[in-house]
Amino acid sequence: MEMGDMGDVAGRLGAAGVRGVALTWVDNAGLTRVKTVPVGRLADAARRGVGMSPVFDVYLVDDSMTSSPHVGGPDGDLRLRPDLDRLTVLAGQPGWAWAPVDRYRQDGAEYPACQRLFARRQVARAREEHGVELRMGFETEWVVTRPPREPGGEPGGEPGAGGEAAEAADRELRYPCAGPAYGMTRLVELSGYLSALMEAATAQDLGVLQLHPEYAPGQFEISVAPADPVGAADLAVLVRETVRAVSVRHGLAASFAPVVDPAGVGSGRHLHLSLWRGDRNLCGGGTGPHGMTGECEAFLAGVLRELPALLALGAPSPASYLRLRPSHWAGVFGCWGLENREAALRFVAGEPDRSDAANAEVKCFDGAANPYLVVGAVIAAGLAGLEAGLSLPPPVSGDPAAGPEEGRPPRLPESLAEALRHFEDSAVLREALGEPLFGAVAAVRRAEIELFADATPREIAAATRARY
Ligand code: GLU
Ligand code: MG
């Protein structure tokens with residue numbers, strides 16, 4: 001956006017009743033952090049940026065902090081620069097607009113640990129080095145509950161993570177709907193809430209494809225149309241905060257955590273992707289497996305090869321591994337399959353007459369992930385596959401957990417510690433992320449492993465479900 005247009009923008013925002021603009025970025029723990037400016041200061045923020053400490057790159061899910069070789073401590077400052085092409089008036093939060101930021105150093109250089117700039121760099125590499133573009137879209141699952149009651153009967157905050165507190169919190173889990181999985185009953189029970197959500201999504205042009213009740217109690221899902229990768233990550237942030245805002249206005253709490261109840265089915269945030277050269281979708285109309293082209297196959301093979309390491313970005317919390325269980329449609333096996341919901345990589349061939357709809361879905365990722373890290377790292381892994389001319393192994397059908405152990409595809413990491421080991425060994429991800437960002441991510445993962453080292457699944461769930 002040209003700065004000359006800024007007067008118009010401020011005028012438009014003012015006319016829409018907007019008073020403040022939320023400028024967000026997502027930290028390495030997966031939490032969306034924010035600074036806000038009044039509408040009158042937006043032009044200045046876009047030009048000069050808004051100050052913010054780099055220390056947030058080593059914040060953990062509980063707001064404690066760790067440090068890494070390049071990040072940590074009280075010194076230094078960054079400039080947050082809103083991307084005004086993404087400026088959106090928030091329908092679920094009257095008086096507010098939103099824009100994601102890129103982060104720069106005070107001397108104007110790109111901040112090397114900025115996750116959104118990392119995603120942008122991978123998009124540029126795909127285009128410049130391989131002449132390909134990616135289309136991506138996240139499916140967002142969440143669980144809606146009634147806020148916990150305080151002893152006096154009033155709604156209050158989530159109790160802490162201690163053993164007794166976790167049990168008390170579990171007893172307090174109250175779902176505002178009782179209908180069955182995927183049941184129309186749930187839609188009837190929460191008709192007002194869900195139609196308000198549709199209204200907000202439409203007003204914000206979120207490009208909603210579907211909204212439906214999911215499997216677990218109180219669980220719903222929203223999917224949006226594919227976009228460019230950075231746009232898809234921005235949308236993931238916007239969708240989540242819109243759902244949260246509408247939930248709050250209906251007296252409900254929305255959790256995007258991998259698990260709310262560790263005994264049940266968790267929430268994923270699957271990533272759909274397709275690879276394009278100009279108008280041609282390389283995932284269809286080819287002579288490879290299920291109609292994919294050789295380039296699509298090599299790209300997906302690169303993603304598949306890197307999945308154990310990618311899990312440290314896409315399933316970044318100790319809570320993620322409470323969700324990643326076989327036979328829960330979470331995609332815990334390191335294999336691919338046509339429409340197979342137990343494969344980490346599910347290929348969707350599209351209808352026979354619509355090869356342009358062909359895409360792949362990475363199922364093992366969840367909502368604790370920083371979506372910018374996810375899209376950038378998946379591109380980096382796919383490009384490495386393209387460069388090496390990799391091929392896919394044969395597809396897997398059925399639930400590998402239901403078949404004999406012999407010949408079963410490999411299980412993806414079963415703990416964050418295991419995923420972190422793969423991440424630290426991944427030359428592809430280390431090089432793509434660059435040391436400052438790579439080191440900060442690894443430090444946050446190590447510190448969260450430590451934070452929850454002695455915690456039970458219920459304690460982990462109780463400590464994380466209100467955070468994401
Ligand atoms: N809730 C499942 C998960 O944890 C996904 C269900 C589905 O396939 O949409 O990822
Ligand atoms: Mg789903």
Side-chain angles (χ1 to χ4, degrees), residues 30 136-145 175 177 179-183 186-187 194 197 208-226 232 235-236 239-240 243 254-273 307 310-311 313-348 359-369 371 374 378 396-402 411-416 419 457 460-461 464-465 468:
M136 292 184 164
F138 286 97
E139 287 178 7
T140 299
E141 294 182 339
W142 76 98
V143 170
V144 62
T145 57
Y175 302 102
C177 52
Y182 307 95
R186 278 197 207 170
L187 204 65
L194 296 170
L197 192 49
V208 170
L209 295 176
Q210 288 182 23
L211 167 64
H212 65 84
E214 255 289 347
Y215 187 87
Q219 195 179 37
F220 290 86
E221 172 178 321
I222 203 164
S223 54
V224 293
L235 261 181
V239 163
R240 172 191 302 223
V243 169
S255 172
F256 302 84
V259 289
V260 165
D261 174 359
V265 166
S267 295
R269 188 167 61 192
H270 310 165
L271 174 70
H272 286 264
L273 64 99
L307 270 184
L310 284 170
L311 225 51
L313 299 173
S317 162
S320 302
Y321 299 81
L322 303 175
R323 162 185 169 256
L324 287 172
R325 287 181 290 154
S327 314
H328 281 59
W329 289 12
V332 302
F333 289 99
C335 61
W336 76 283
L338 179 69
E339 292 288 10
N340 184 350
R341 289 179 172 76
E342 286 298 334
L345 200 57
R346 166 180 172 240
F347 189 67
V348 184
N359 69 88
E361 178 188 34
V362 187
K363 282 190 71 86
C364 47
F365 297 161
D366 65 50
V374 165
V378 164
V396 168
S397 59
D399 180 357
R411 261 287 318 247
L412 290 175
E414 294 185 45
S415 68
L416 182 56
I460 296 172
T464 53
R465 67 183 160 224
Y468 297 107

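Given the structure is predicted, the values throughout are model-derived calculations rather than measurements. Start at 1 and go down the list; that is how both ligands and their atoms are numbered.
Residue Pro400 comes nearest to Glu342 through the heavy atom pair CD-CB, 3.9 Å, listed as atom of the first residue, atom of the second, then distance. Taking all atoms of both residues into account, the shortest heavy-atom contact from Gly398 to Asn340 is O-ND2, 2.9 Å. In terms of heavy-atom proximity, Ala257 sits nearest to Ser267 at O-CB, 3.6 Å. Of all the heavy atoms in Gly179 and Arg186, the pair that sits closest is O-NE, 3.0 Å.
Of all protein heavy atoms, the one lying nearest to atom 8 (O) of ligand 1 is Lys363 NZ, 2.8 Å. Nearest non-hydrogen protein atom to atom 2 (C) of ligand 1 is Glu141 OE1, 3.5 Å. With respect to atom 9 (O) of ligand 1, the closest heavy atom belonging to the protein is Glu214 OE2, 3.0 Å.
For ligand 1, the atoms sitting less than 4.0 Å from at least one non-hydrogen atom of Glu221 are 9 (O), numbered in the order shown with element in parentheses. Residue Trp329 approaches ligand 1 through these ligand atoms, each under 4.0 Å from one of its heavy atoms: 2 (C), 3 (C), 5 (C), 7 (C), 8 (O), 10 (O). Counting atoms of ligand 1 from 1 in the listed order, those under 4.0 Å from a heavy atom of Gly268 are 3 (C), 4 (O), 10 (O).
Counting only distance, with no hydrogens or angles, the side chain of Tyr215 and the backbone of Gly264 share no donor-acceptor pair below 3.5 Å. Using a distance-only test at 3.5 Å, with no hydrogens or angles considered, no donor-acceptor pair links the side chain of Arg465 to the main chain of Val143. Side chain of Gln219 to backbone of Gly266: a donor-acceptor contact under 3.5 angstrom is found. In this structure, the side chain of Arg323 engages the main chain of Cys364 through a donor-acceptor pair within 3.5 Å.
Exactly one residue among Glu361, Glu141, Arg346, Arg341 makes a side-chain hydrogen bond (donor to acceptor under 3.5 Å, both in side chains) with His270. That residue is Glu361.
Backbone and side-chain nitrogen or oxygen atoms of Val265 are examined, and none is located within less than 3.5 angstrom of a nitrogen or oxygen of ligand 1. Geometrically, ligand 1 and Glu139 share no nitrogen or oxygen pair separated by less than 3.5 Å. Taking any N or O of Arg323, backbone or side chain, at least one lies under 3.5 Å from an N or O belonging to ligand 1. Checked against a 3.5 angstrom limit, the closest N/O atoms of His270 and ligand 1 fall inside it.
In this structure, OH on Tyr468 lies 9.0 Å from CZ on Arg240, to the nearest 0.5 angstrom.
Here the protein contributes Glu141 OE2, Glu214 OE2, Glu221 OE1 as N, O or S atoms under 2.8 Å from the Mg ion (ligand 2).
The shortest distance between side-chain heavy atoms of Tyr182 and Glu214 falls below 4.5 Å.
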